[in-house]
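Beneath this line is the structure, given in structure tokens, with notes to follow.
The chains referred to below are lettered A, B, ... by the order of the sequence lines, with proteins before strands, and numbering in each begins at 1.
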There are 2 protein chains.
Amino acid sequence: MSVQERKERERAGRERLIVATARGLAEEQGWDAVTTRRLAERIEYSQPVLYSHFRGKREIIGAVALEGAAEMAAALRAATTAADGPRAGVTALARAYLDFAEANPAVYDAMFRLDGGLPFAQEDTPEPLKDAFAALLESLGRVAGGGVHPGLFTEVFWAALHGLATLTRAGRLPPEDAGRRVELLVDRLAVV
Amino acid sequence: MSVQERKERERAGRERLIVATARGLAEEQGWDAVTTRRLAERIEYSQPVLYSHFRGKREIIGAVALEGAAEMAAALRAATTAADGPRAGVTALARAYLDFAEANPAVYDAMFRLDGGLPFAQEDTPEPLKDAFAALLESLGRVAGGGVHPGLFTEVFWAALHGLATLTRAGRLPPEDAGRRVELLVDRLAVV
DNA sequence: TCGATTGTCTAGCGGTGCTAGGGTCACGTC
DNA sequence: GACGTGACCCTAGCACCGCTAGACAATCGA
């Protein structure tokens with residue numbers, strides 16, 4: 001049995017290596033540069049090995065997305081617990097969200113812009129994704145205001161953050177006023 | 001001279017045909033299906049003809065984006081002028097924006113999600129793009145509220161709409177509550 | 001020690017965006 | 001009206017993509 005366990009450990013390790021390498025390559029040169037050939041070369045295996053771990057490139061993106069969701073949830077919670085008061089918490093949350101998107105563009109794309117084959121907004125949505133949304137909900141639910149469903153409010157706030165993150169990075173919004181945009185958003189949306 | 005003029009007319013007509021065909025194909029089957037081979041086949045010319053009009057696929061996407069921007073600007077203005085009062089105008093604007101994105105997903109992607117090689121938020125930004133933003137600004141500037149720069153407010157509102165449009169279509173947000181999300185957004189952001 | 005199983009690799013399929021080079025056709029000129 | 005010329009378009013092919021069939025080697029259990 002021990003032999004089999006060792007093999008499973010090695011397989012799991014190689015799978016982590018694939019995900020980490022894909023993520024690193026994507027952050028370095030963008031997802032377009034993450035080809036199965038390049039990825040295989042970097043992990044020093046042949047292409048078909050990738051397909052013994054993942055159904056295809058899409059699933060690799062999905063794996064990176066899940067990893068990123070867990071990190072983002074942690075980052076959001078860390079930012080909000082450090083702040084005092086709901087209002088400051090929301091501002092910190094928004095900043096942390098946009099910082100994460102800016103610091104990890106490829107991971108952010110894997111999560112929210114690319115097709116990683118993951119189900120969203122359903123009961124079979126993977127746990128890390130649900131938890132990332134839960135992290136948003138924890139802070140935002142407190143400033144939804146009376147008579148407004150916390151989940152709905154969170155969706156709207158999240159959409160606004162997502163819009164800011166993607167439009168800014170794509171050069172659709174000038175980056176200078178990013179801070180003022182966040183302030184305005186929190187001012188208007190959050191009910192203290 | 002007449003011969004040359006006729007040739008230029010024909011060239012311009014063929015260019016319009018390329019853009020219209022690319023757009024149609026993209027709306028039918030998505031941008032992934034818009035390959036240079038398929039596009040060439042549909043316009044009944046060989047691939048290299050495409051490259052005598054556009055530098056590459058990116059520029060074709062850009063051409064579709066410009067066409068879409070003009071249409072969106074018109075749609076937004078039509079929706080707002082039909083409404084009475086700034087508040088109703090903003091609601092109509094938001095609905096029109098999201099309706100346009102839903103009805104023309106491929107065009108919307110060409111404008112805001114894909115790389116069409118167009119400069120945004122700069123002085124050399126093409127006129128249709130500037131005008132689409134101007135159409136947003138005309139309505140939204142009136143509800144920015146005191147002390148808030150209309151342009152900045154428009155950027156934030158636009159980002160929120162963009163987030164709603166993209167996340168909903170990507171299945172990240174359940175489509176049922178779309179209407180309530182718009183109401184909440186307008187309620188909170190717009191200062192009547 | 002030997003057969004079976006597991007694992008990995010080489011090679012190749014049909015597709016992509018893009019381009020070099022040759023050939024054809026229509027044009028302006030004599 | 002015939003002709004040399006130039007603009008135009010197509011065939012063929014490049015290097016790359018995601019993905020997979022089948023050969024081969026290494027390891028395991030009996």
Side-chain angles (χ1 to χ4, degrees), chain A residues 1-19 21-23 25-26 28-65 106 109-110 114-118, chain B residues 1-19 21-23 25-26 28-65 106 109-110 114-118:
Chain A
M1 266 311 183
S2 171
V3 170
Q4 193 178 342
E5 283 173 7
R6 193 204 68 218
K7 286 199 171 185
E8 284 175 12
R9 265 204 318 275
E10 287 172 355
R11 253 192 83 81
R14 196 172 61 179
E15 191 158 312
R16 280 194 302 274
L17 175 64
I18 292 173
V19 175
T21 305
R23 175 177 176 168
L25 193 49
E28 270 179 40
Q29 309 178 33
W31 276 106
D32 281 349
V34 183
T35 69
T36 54
R37 281 172 179 78
R38 248 191 292 260
L39 188 49
E41 192 189 4
R42 284 223 180 178
I43 64 168
E44 295 179 320
Y45 282 94
S46 67
Q47 279 177 282
V49 166
L50 300 174
Y51 292 87
S52 74
H53 288 270
F54 302 96
R55 283 176 183 276
K57 190 180 171 180
R58 172 191 301 201
E59 272 199 5
I60 298 178
I61 294 174
V64 172
D109 284 349
L114 302 177
D115 179 12
L118 302 173
Chain B
M1 266 311 187
S2 172
V3 170
Q4 193 178 342
E5 283 172 7
R6 195 205 65 219
K7 286 198 173 183
E8 284 175 11
R9 267 203 316 277
E10 289 173 353
R11 254 192 82 82
R14 196 172 61 181
E15 190 158 314
R16 281 194 300 274
L17 174 63
I18 292 172
V19 176
T21 306
R23 176 177 176 168
L25 193 50
E28 270 178 39
Q29 310 178 32
W31 277 107
D32 280 350
V34 183
T35 68
T36 54
R37 279 171 181 76
R38 249 192 291 261
L39 187 51
E41 192 189 6
R42 284 222 180 178
I43 64 168
E44 295 179 320
Y45 282 94
S46 66
Q47 280 177 280
V49 166
L50 300 174
Y51 293 87
S52 75
H53 289 270
F54 302 96
R55 284 176 183 275
K57 190 180 172 180
R58 173 192 300 200
E59 271 199 5
I60 298 177
I61 294 174
V64 172
D109 284 349
L114 302 177
D115 179 13
L118 302 172

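What you find for A65(B) and A110(B) is that their closest heavy atoms are CB-O, 3.4 Å. Closest non-hydrogen pair, F54(B) versus A63(B), comes out as CE2-CB, 3.9 Å.
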* To do: In sequence, state the C-alpha distance, the side-chain angles, and the governing distance for Y51(B) and T36(B), and then conclude on side chain to side chain contact (heavy atoms under 4.5 Å, CB included).
  => CA-CA 10 Å; Y51(B) 293 87; T36(B) 54; 3.3 Å; yes
* Between T21(B) and L39(B), is a side chain to side chain contact (heavy atoms under 4.5 Å, CB included) present by the stated rule, with each step listed? -> CA-CA 7 Å; T21(B) 306; L39(B) 187 51; 3.7 Å; yes
* To do: Verify side chain to side chain contact (heavy atoms under 4.5 Å, CB included) between E59(A) and H53(A), making sure each step is shown before the conclusion.
  => CA-CA 9 Å; E59(A) 272 199 5; H53(A) 288 270; over 6 Å; no
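No N or O donor and acceptor, one from the side chain of R37(B) and one from the base of dG15(C), sit under 3.5 Å apart.
Each of V34(A), D109(A), L114(A), V19(A) was scored for a side-chain contact (heavy atoms from CB on, under 4.5 Å) with V64(A), with one residue passing: V19(A).
Rounded to an integer number of Å, the gap from L39(A) CG to dC16(D) C1' is 16 Å. Distance, F54(B) CZ to dT19(C) P: 15 Å, rounded to whole Å. dT27(D) atom C1' lies 12 Å from atom CD of E10(A), rounded to whole Å. Between K57(B) atom NZ and dC16(D) atom C1' the separation is 15 Å, expressed in whole Å. For L50(B) and dT11(D), the CG to C1' distance is 15 Å, given to the nearest whole Å. Regarding W31(A), its CH2 atom lies at a distance of 11 Å from the P atom of dG18(D), rounded to whole Å. For H53(A) and dT20(D), the NE2 to P distance is 16 Å, given to the nearest whole Å. If you take CD of E59(B) and P of dG17(C), they are 15 Å apart, rounded to a whole angstrom.
Residue T36(A) has a polar side-chain atom (N or O) positioned under 4.0 Å from OP1 or OP2 of dG18(D). At dG18(D), none of the side-chain N or O atoms of R58(A) fall inside 4.0 Å of OP1 or OP2 (strictly under the cut-off).
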N/O-N/O pairs, protein side and nucleotides 7-10 of chain D side, under 3.5 Å:
residue: dC9(D); atom: OP1; partner: R14(B); partner atom: NH1; Å: 2.7
residue: dC9(D); atom: OP2; partner: R14(B); partner atom: NH2; Å: 3.2
residue: dC10(D); atom: OP2; partner: S46(B); partner atom: N; Å: 3.0
residue: dC10(D); atom: OP2; partner: S46(B); partner atom: OG; Å: 2.6

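I60(B) contributes atom CD1, which lies 9.5 Å from atom CD of E15(B) (distance to the nearest 0.5 angstrom).
Nearer the 5' end of DNA chain D, as judged by each residue's closest nucleotide, is the contact made by A33(A), out of A33(A) and R55(A).
In this structure, of dT16(C), dG18(D), dC18(C), it is dC18(C) that holds the atom nearest to the side chain of Y51(B).
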